[in-house]
Amino acid sequence: MPELPEVETVCRGLKPVLEGHRLTRVQTRRGGLRIPFPAGFVQHLTGRRVCQLHRRAKYILADLDNGETLVIHLGMSGRMTVYRDGAALVLDGLAGESVAAEEGHGPHDHVILFTDAPARIVFTDHRRFGLMTILKTAHLAEDRLFDGIGPEPLADSFTPASLSARIKGKKTAIKSALLDQRVVAGLGNIYVCESLFRAQISPRRQASTVAGARAAQLVPAIKEVLRDAIIAGGSSLRDYRHSNGQLGTFQHHFDVYGRTGEPCLRPGCGGTIRRIVQAGRSSFYCPKCQR
DNA sequence: ATGGGGGCCTGCCGGC
DNA sequence: TGCCGGCAGGCCCCCA
């Protein structure tokens, strides 16, 4: 499910109950998710204080006071529910947020973190493509999870030149190249489709031909799309503390994603959004204005 | 070395 | 109403 903006939104939503707070109790309700929990998972976490909560690519990282980091990935269906002050807040980054219906544990609630905020944080992931593990903070970058991951797209270091260098000579379609986390971190199917639309580049175009002038269009488009999505997600979080069940539902707005057969939204284009399959994934684009 | 396909899981939706 | 196929926003392994 979640791509960079959603993970960023979940991360920000967790900050008030995690950063600077101590984990008073930790429960696991199965042996692992996509990968098994490491030995002593619960013991390592219990009693630790979270010094810093941040994000890298699609991972949420909770740096602990013992030199270890709790690494969280939401996979495709992961979400967090925060129970605090008698209110329940669902952080899935997708619908922005919603208020949980009830406090009971469902069959897909896999990990529960209690903090001294005080709060209870429930990690739910029905498809179990997510993961939670613990790594040494000092050696995160060398771990196989992070080794080779590309630049953060919102960092100043992500420029047309740096993107060009990474896709130069690539024969694969630009769509597939952008999904490769080694090329750029954090993009998934939706934001790749949306970025290519904004840059008016066809998802079918060979990646190598985007290096250069087209990259100068694409990089700002990627940054814009991600920033817009983060702002939308963030604004839906603003009323967190005052959540009383009456929060407005934030709806993601996409120009092409999931809009097969609908008119292109570019003024004056008049094209029709098409769906194709590339590397087993759906791509949505306007064949008229994306070349 | 690079790139495509399949698999991991479960749930939902549309069509018959 | 019920069943079945297709689909899902991630990632990793394997094979060509």
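Throughout, protein chains are lettered first and strands after them, A, B, ... in sequence-line order, and every chain is numbered starting at 1.
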Rounding to a whole Å, what distance do you find between [X]:[atom1] and [N]:[atom2]?
X: A:Met76; N: C:dC12; atom1: CE; atom2: P; value: 14 Å
X: A:Asp125; N: C:dG9; atom1: CG; atom2: C1'; value: 13 Å
X: A:His73; N: C:dC12; atom1: NE2; atom2: C1'; value: 12 Å
X: A:Ile190; N: C:dG10; atom1: CD1; atom2: P; value: 8 Å

Item to check | C:dC3 and B:dC9, which share atom name P, separated by this distance in whole Å | outcome: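 Straight-line distance between the two P atoms is 25 Å.
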Next on the checklist: Using the C1' atom as the point on both nucleotides, what is the distance between B:dG11 and C:dC12, in whole Å?
Outcome noted: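 Those two atoms are separated by 23 Å.
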Checklist entry - Starting at the 5' end of DNA chain C and moving along, which residue's nearest nucleotide shows up first, A:Tyr59 or A:Gly280? => result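 Whichever sits nearer the 5' end wins; that is A:Gly280.
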Next on the checklist: If we count only N and O atoms by modelled type, under 3.5 Å, do the side chains of A:Gln278 and A:Ser283 hold a donor and an acceptor together?
Outcome noted: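 Per modelled atom types, A:Gln278 and A:Ser283 side chains form a pair under 3.5 Å.
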Item to check | Nucleotide forming a Watson-Crick or wobble pair with B:dC9, both distances under 3.5 Å | outcome: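 For B:dC9, the partner nucleotide comes out as none, under the 3.5 Å rule.
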Checklist entry - Now, which nucleotide makes the Watson-Crick or G-U wobble pair with C:dG9, with each of the two distances under 3.5 Å? => result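 Partner of C:dG9: none.
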Using a cut-off of less than 4.0 Å, is there contact between a side-chain N or O of [X] and OP1 or OP2 of [N]?
X: A:Lys170; N: B:dT2; answer: no
X: A:Tyr191; N: C:dG9; answer: no
X: A:Ser77; N: C:dA8; answer: no
X: A:Lys58; N: C:dC11; answer: yes
X: A:Arg144; N: C:dC13; answer: yes

Checklist entry - A:Arg275 has a side chain; which of B:dG4, C:dG9, C:dC7 sits nearest to it? => result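 Closest nucleotide to the A:Arg275 side chain: C:dC7.
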Checklist entry - Choosing from C:dG9, B:dG3, C:dC13, which nucleotide comes nearest the side chain of A:Glu6? => result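 Selected nucleotide (nearest to the side chain): C:dG9.
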Checklist entry - What is the per-nucleotide protein-contact pattern of nucleotides 8-15 of chain B, from the 5' end, where B denotes a base atom under 4.0 Å from a protein heavy atom, S denotes such proximity for sugar-phosphate atoms only, and - denotes neither? => result BBBS----
Item to check | Row check, A:Phe197 ring normal vs A:Arg266 NZ/CZ: under 6.0 Å, within 45° | outcome: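 So A:Arg266 does make the cation-pi contact.
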